[in-house]
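Worksheet for the structure shown next.
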Number of protein chains: 2
Amino acid sequence: MRAGLIAAGVELARSGGPEAVVLREATRIVGVVPNAAYRHFADRDQLLAEVCTAAMNELADRMTADLTRIRGKRGNPDAARRRLGAIGSAYLKFARKEPGLFATAFAVPRQHSYADRDGASNRSTPLGLLRTALDELVEAGVLDPQRRDGIEYPIWSIVHGTAELTGQGPLRDAPDAELRRIESLTLTFISNSLT
Amino acid sequence: MRAGLIAAGVELARSGGPEAVVLREATRIVGVVPNAAYRHFADRDQLLAEVCTAAMNELADRMTADLTRIRGKRGNPDAARRRLGAIGSAYLKFARKEPGLFATAFAVPRQHSYADRDGASNRSTPLGLLRTALDELVEAGVLDPQRRDGIEYPIWSIVHGTAELTGQGPLRDAPDAELRRIESLTLTFISNSLT
DNA sequence: AGGTAATGTGGACGGTGTCCACTAAGTGTG
DNA sequence: CACACTTAGTGGACACCGTCCACATTACCT
């Protein structure tokens, strides 16, 4: 039941973003009276928080799926670069194809905090995947170890900013070709920044 | 009256983001009955849209204010770099000090589109300011003209992504020192990318 | 068998966006 | 001057939302 409500919330979020995950509608989908939800969630925001982490997990899953398709031994410079590229590509692709879920993944309500989801070097999290890719780039000799510390934040920011600006931001109704160009500019910009 | 409603909406947005700009509350502030708003706006989203452009204008104003404090002739390489840095700094500072307005500036409802606000090379718009700063960097010989085309998008993305991730995103409850460090990493990353 | 915890129901309240009919001003024209 | 007409604001209603309360049902454990 709890899982059912979350699943219903995810579907609502998929087609309408975080605002669309409305408690009464979720219970309607599950086929239960609105108040039943309060046996499983303190309030609507807590349900939304669960939906958000589900969305974030789906983003991480899509990223790992695309990532494992890149062949090449660990430590191979070219493979390492391609893996970093795949991470950025998958992030942008998810934002483009699942705009509702993408927006929801980052719309965690102020209360119910992120806990440690992105803390430390947790793999199976977007930041965790990015970090291991960057470590591999250092190991492969592509990225200067002196520049490694903290570089995940600017890089994450470029990709996330591009997703935000082209997805819901001011660039959202640019023609499709222009959006692709911007995504491509972003990825090559990152690639150029490694040397 | 129309202006009053927008002003009230801006104050609501300042302390609570786009969700807080609720039509009835705005009319309450102005001291009028809710329906009176419908003489000036088609619906709540149109009021919100006006508040959003007001917020975006305030961002642009703060940026130009900080920008004009950078002395140095146009074409001076060092001044050009400092001006670009000031643009990024002002953007991040606004996001940090006015989180509600910053979020609102980018929360334009799907209907009421952006029109051409950020189109072309309009000055007095964040993108416009960034573009003229980049042009000056080319003119000053800092930025290779071949790299100029389209580079405003990755750069805007880095700054915007950092603002988003540290402001409302997963990094939002990192300690203050860490947030400053991330902002600084972002700015030096941009600076390094120019050469 | 009976008490207890968990789960779902029914009804209600305040808040919100929005629609409709209505009224009170101002304004220009005969 | 009077009259039609636009404009701006009012009052009341509706549907929807999140949420609280008291109640019924079910299952489990001693």
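Naming convention: chains lettered A, B, ... in sequence-line order (proteins, then strands); numbering from 1 in each chain. All values reported here derive from a predicted model rather than from experimental measurement.
- Atom P of nucleotide C/dG15 and atom CD of B/E19 are separated by 19 Å, given to the nearest angstrom.
- Proximity of B/R39 to the phosphate of D/dT6: no side-chain N or O atom is located under 4.0 Å from OP1 or OP2.
- Remark: A/H40 is not in phosphate contact with C/dA6, judged by side-chain N or O atoms under 4.0 Å from OP1 or OP2.
- A side-chain donor-acceptor contact under 3.5 Å links B/E164 and B/Q168.
- The separation between A/D43 atom CG and C/dG15 atom P is 18 Å, rounded to whole Å.
- For B/Q46 and C/dG17, the CD to C1' distance is 15 Å, given to the nearest whole Å.
- Here the side chain of B/L23 is nearest to one of C/dA12, C/dG17, C/dT9, namely C/dG17.
- Counting only heavy atoms from C-beta outward, the side chains of A/L48 and A/F41 never approach each other to under 4.5 Å.
- Within 4.0 Å of A/R24, counting heavy atoms only, lies at least one base atom of the nucleic acid.
- For the pair A/E25 CD and D/dA15 P, the interatomic distance rounds to 17 Å; values are reported in whole Å.
- Counting to the nearest Å, the C1' atom of C/dC19 and the CZ atom of B/R44 are 18 Å from each other.
- Each of B/V33 and A/V22 was matched to the nucleotide of DNA chain D holding its nearest heavy atom; the match closer to the 5' end belongs to B/V33.
- At a cut-off of 3.5 angstrom, the base of C/dG11 holds at least one donor-acceptor pair with the side chain of A/N35.
- In this structure, CE of B/M1 is placed 15 Å from C1' of C/dA25, rounded to the nearest angstrom.
- Remark: side-chain polar atoms of B/R44 are not paired, donor with acceptor, to backbone N or O of B/R24 under 3.5 angstrom.
- Using a 4.0 Å cut-off, some side-chain N or O of A/R28 falls inside it from OP1 or OP2 of D/dC17.
- Distance CG (A/L12) to C1' (D/dC17): 14 Å, rounded to an integer number of Å.
- Applying the 4.0 Å criterion to OP1 and OP2 of C/dT18, one finds that B/Y38 has a side-chain N or O inside that range.
- Taking atom CD of residue B/Q111 and atom P of nucleotide C/dT18, one finds them 11 Å apart after rounding to whole Å.
- Residues B/I151 and B/L143 meet the side-chain proximity criterion, which asks for heavy atoms closer than 4.5 Å.
- Distance from the side chain of A/V32 is smallest for C/dG8 among the nucleotides C/dG8, C/dT18, D/dT19.
- A 6.0 Å sphere centred on CD of A/E178 holds more than 12 heavy atoms belonging to other residues, nucleotides or ligands.
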